[in-house]
K.L.:
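Sending over a structure as structure tokens; questions will come in a sec.
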Amino acid sequence: MKVSIINSFKSPVKLFWAIISMKTKLMITIFICLLLWSVMLLSLTNIFKHQLIGGKIIHLLGFLFITAPFDLVSHFLVIGLSKYSVKPRDNLLGGLLTADFDEGSCLSRYQSSLYRKPSPYKTSEYLVSKLRNYEMLHKRCGPGTDSYKRAAEQIGHDHENRNITVGECKYIVWVAVYGLGNRILTLASVFLYALLTERIILVDQRKDISDLFCEPFPGTSWLLPLDFPLMGQIDSFNQEYPRCYGTMLKNHPINSNTIPSHLYLHLLHDYRDQDKMFFCQKEQSLINKVPWLVVKSNLYFIPSLWLNPSFQTELIKLFPQKDTVFYHLARYLFHPTNQVWGMVTRSYNAYLSRADEILGIQVRVFSRQTKYFQHVMDQIVSCTQREKLLPEAAAAQEESQVMNVSKTPKLKAVLVTSLNPDYSNNLKNMYWERPTSTGEIIEIYQPSKERIQQTDKKLHDQKALAEMYLLSLTDKLVTSATSTFGYVAQGLGGLKPWILYTPKKFKTPDPPCGRGVSMEPCFLNPPAHGCEAKKRINTAKIVPFVRHCEDLKKNGLKLVDDTKDEL
């Protein structure tokens with residue numbers, strides 16, 4: 001009899017359930033229901049708070065589905081999942097990214113959406129279409145194609161050959177200069193210009209850019225070949241170079257009869273009025289005829305493109321919400337390599353993922369001295385507590401009351417990025433020595449402690465990029481005034497930061513900080529004069545969506561979307 005019963009159950013799982021008494025089976029069923037319900041709630045909480053689904057939860061659910069009775073699983077799937085199902089993540093970011101990539105080659109391209117809340121900023125269909133068209137153009141004209149080879153051969157000929165032909169393929173070469181934050185901002189600026197003028201962007205690969213970012217265009221490369229004819233010269237390009245656009249304009253007008261095969265655009269902070277004429281509509285009609293442009297810049301010059309009438313209509317179609325330009329461009333262009341992405345995910349999962357809220361604090365002190373400054377520390381504390389970003393320490397008489405709270409305290413993680421570790425250490429000590437007035441638990445984390453900036457060192461730049469991305473994953477962000485590092489973080493995350501104003505005479509400013517009205521980076525040294533006259537221009541009267549920056553009001557421009565905001 002026992003043998004016949006056993007033989008009738010070919011599956012050990014079915015046999016297990018058959019030999020359990022009805023009472024025991026009912027108790028186990030109830031237990032599994034409660035366990036599944038708890039797991040689902042925890043999973044959903046984690047998804048909504050951190051946009052992540054833990055692998056352990058998936059494995060546990062799979063085990064329970066295998067061992068539980070079929071009728072219980074069916075009931076759970078129909079009732080539970082239909083009620084609490086979560087929409088799959090949009091890993092292509094609303095069409096911003098193409099699906100023509102191998103996911104394993106660049107994990108960040110498809111995984112970054114798991115670490116962010118759903119974006120409130122929609123990508124315009126026109127921008128998506130423009131990017132797909134650009135990708136096809138880059139594939140036809142990029143390195144290794146016949147079109148590229150023919151265009152490169154022209155550079156070696158007479159610089160004023162009147163027979164130069166400009167076909168479908170025109171190019172703009174981005175040369176890496178200054179620190180990583182500057183490079184990211186200028187690369188986005190040059191790419192947008194390339195998009196507007198249908199040029200192929202090629203990037204200088206000698207400064208480890210391939211160790212930082214994945215290729216953004218499918219089926220081709222954006223890396224400037226090392227055998228590029230001007231490669232041995234571009235490092236020395238400056239305002240004295242004969243084919244510097246500003247110098248040519250200063251010495252004699254450029255006209256349609258003297259179109260050079262290439263021009264150097266000097267768009268660095270020390271550029272002259274003649275160099276700044278690059279942004280003018282009249283000059284663009286001539287520049288557009290030059291096959292090759294070589295650019296050096298440390299400025300986010302996109303706001304000046306919006307001031308050019310020939311670009312403005314197109315820009316409005318591309319970016320209906322005008323303060324999302326860098327946000328969309330950065331999410332399209334800048335995907336960390338797997339090595340950098342590993343730094344981001346390991347740090348996030350280990351130190352930030354458990355928090356109910358994440359606050360990012362980016363500290364940059366513009367001083368030749370790398371030592372700790374007390375007035376900067378006072379400014380950080382004053383800003384974060386004044387703006388209710390961090391709680392104050394409890395008074396002595398309140399300590400016992402705060403510590404006796406029965407409910408689970410809220411956990412707030414604070415991510416600090418700074419060359420100097422003393423600021424995060426002092427914050428850590430402050431919240432370790434005394435309980436907070438709100439009962440919150442404050443955890444301080446600083447990923448790296450480099451002490452000095454080491455531009456062009458591979459590992460240093462990789463750590464810097466990882467920290468920019470980690471800051472962009474925070475819920476709220478505090479940045480230092482005029483810091484391109486902070487600009488990149490706020491733009492990537494779509495965050496309007498609290499800006500720590502620049503201290504003067506080693507004193508904490510009053511107020512210590514203010515809320516930014518835009519997540520756009522600041523164009524730190526824009527042209528002060530109009531294209532037609534040598535007088536200062538009021539950009540707010542020309543276009544209401546380009547205003548002076550909060551952190552550099554007298555000499556800085558940024559894009560804003562709400563025209564009612566007055567800076």
K.L.:
Using the test ring-ring contact (aromatic ring centres under 6.0 Å, His included), find all partners of Tyr193 that sit at least two apart in sequence or belong to another chain.
P.N.:
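Partners of Tyr193 under the ring-ring contact (aromatic ring centres under 6.0 Å, His included) test: Phe278.
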K.L.:
My understanding is that only residues two or more places apart in sequence, or in another chain, count here; which of them pass side-chain contact (heavy atoms from CB on, under 4.5 Å) with Ser518?
P.N.:
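Partners of Ser518 by the side-chain contact (heavy atoms from CB on, under 4.5 Å) criterion, ordered by chain and then number, come out as Asp323, Glu520, Lys558, Val560.
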K.L.:
Can you confirm whether or not the ring centre of Tyr245 sits under 6.0 Å from the ring centre of Tyr264?
P.N.:
no
K.L.:
Should the heavy atoms of other residues, nucleotides or ligands under 6.0 Å from NZ of Lys207 be counted, would the total exceed 12?
P.N.:
yes
K.L.:
Which pairs, with at least one residue in residues 178-199 and sequence neighbours excluded, count as a salt bridge (charged side-chain N to carboxylate O under 4.0 Å, His left out)?
P.N.:
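Every salt bridge (charged side-chain N to carboxylate O under 4.0 Å, His left out) pair that includes a residue of residues 178-199, provided the two are not neighbours, is Arg183-Asp456.
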K.L.:
Which class fits the ring pair Phe545 and Trp306: parallel under 30°, tilted 30 to 60°, perpendicular over 60°?
P.N.:
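Taking Trp306 first and then Phe545, their aromatic rings stand perpendicular (interplane angle over 60°).
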K.L.:
Can you list every pair that meets side-chain hydrogen bond (donor to acceptor under 3.5 Å, both in side chains) and has a residue in residues 220-230, with sequence neighbours left out?
P.N.:
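Residue pairs passing side-chain hydrogen bond (donor to acceptor under 3.5 Å, both in side chains), neighbours aside: Glu215-Ser221.
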K.L.:
Under the ring-ring contact (aromatic ring centres under 6.0 Å, His included) test, which residues partner Tyr126, sequence neighbours left out?
P.N.:
none
K.L.:
Return the set of residues passing disulfide (SG to SG under 2.5 Å) with Cys244 (not counting sequence neighbours), or none when no residue passes.
P.N.:
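Per chain and number, Cys244 pairs via disulfide (SG to SG under 2.5 Å) with no residue.
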K.L.:
Run the side-chain contact (heavy atoms from CB on, under 4.5 Å) test against Thr474 and tell me which residues pass, sequence neighbours left out.
P.N.:
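Applying side-chain contact (heavy atoms from CB on, under 4.5 Å) to Thr474 gives Ile358, Leu415, Leu477, Leu495.
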K.L.:
Test of understanding: with salt bridge (charged side-chain N to carboxylate O under 4.0 Å, His left out), list the residues that count as partners of Glu283, not counting sequence neighbours.
P.N.:
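Per chain and number, Glu283 pairs via salt bridge (charged side-chain N to carboxylate O under 4.0 Å, His left out) with no residue.
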K.L.:
Looking at residues at least two apart in the chain, or sitting in another chain, which of them share a ring-ring contact (aromatic ring centres under 6.0 Å, His included) with Trp341?
P.N.:
Tyr115
K.L.:
Sequence neighbours left out, what passes ring-ring contact (aromatic ring centres under 6.0 Å, His included) with Tyr501? Give chain and number order.
P.N.:
none
K.L.:
Mind checking side-chain contact (heavy atoms from CB on, under 4.5 Å) for Thr502 and listing every partner two or more places apart, or none if nothing turns up?
P.N.:
Ala481
K.L.:
Aromatic contact between His328 and Tyr332, with the criterion being ring centroids under 6.0 Å apart: yes or no?
P.N.:
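That pair fails the under 6.0 Å test.
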K.L.:
What about Tyr300 and Tyr487, are their ring centers closer than 6.0 Å?
P.N.:
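No, ring centres 6.0 Å or more apart.
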K.L.:
State which residues pass side-chain contact (heavy atoms from CB on, under 4.5 Å) with Lys276; sequence neighbours excluded, sorted by chain then number.
P.N.:
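side-chain contact (heavy atoms from CB on, under 4.5 Å) check on Lys276 returns Tyr271, Asp273, Pro527.
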K.L.:
Please check if the distance between the ring centroids of Phe213 and Phe334 is under 6.0 Å.
P.N.:
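Yes: the rings meet the under 6.0 Å criterion.
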K.L.:
So, for His335 and Tyr469, is the gap between ring centers shorter than 6.0 Å?
P.N.:
no
K.L.:
When you look at CD of Gln312, are more than 12 heavy atoms from neighbouring residues, nucleotides or ligands closer to it than 6.0 Å?
P.N.:
yes
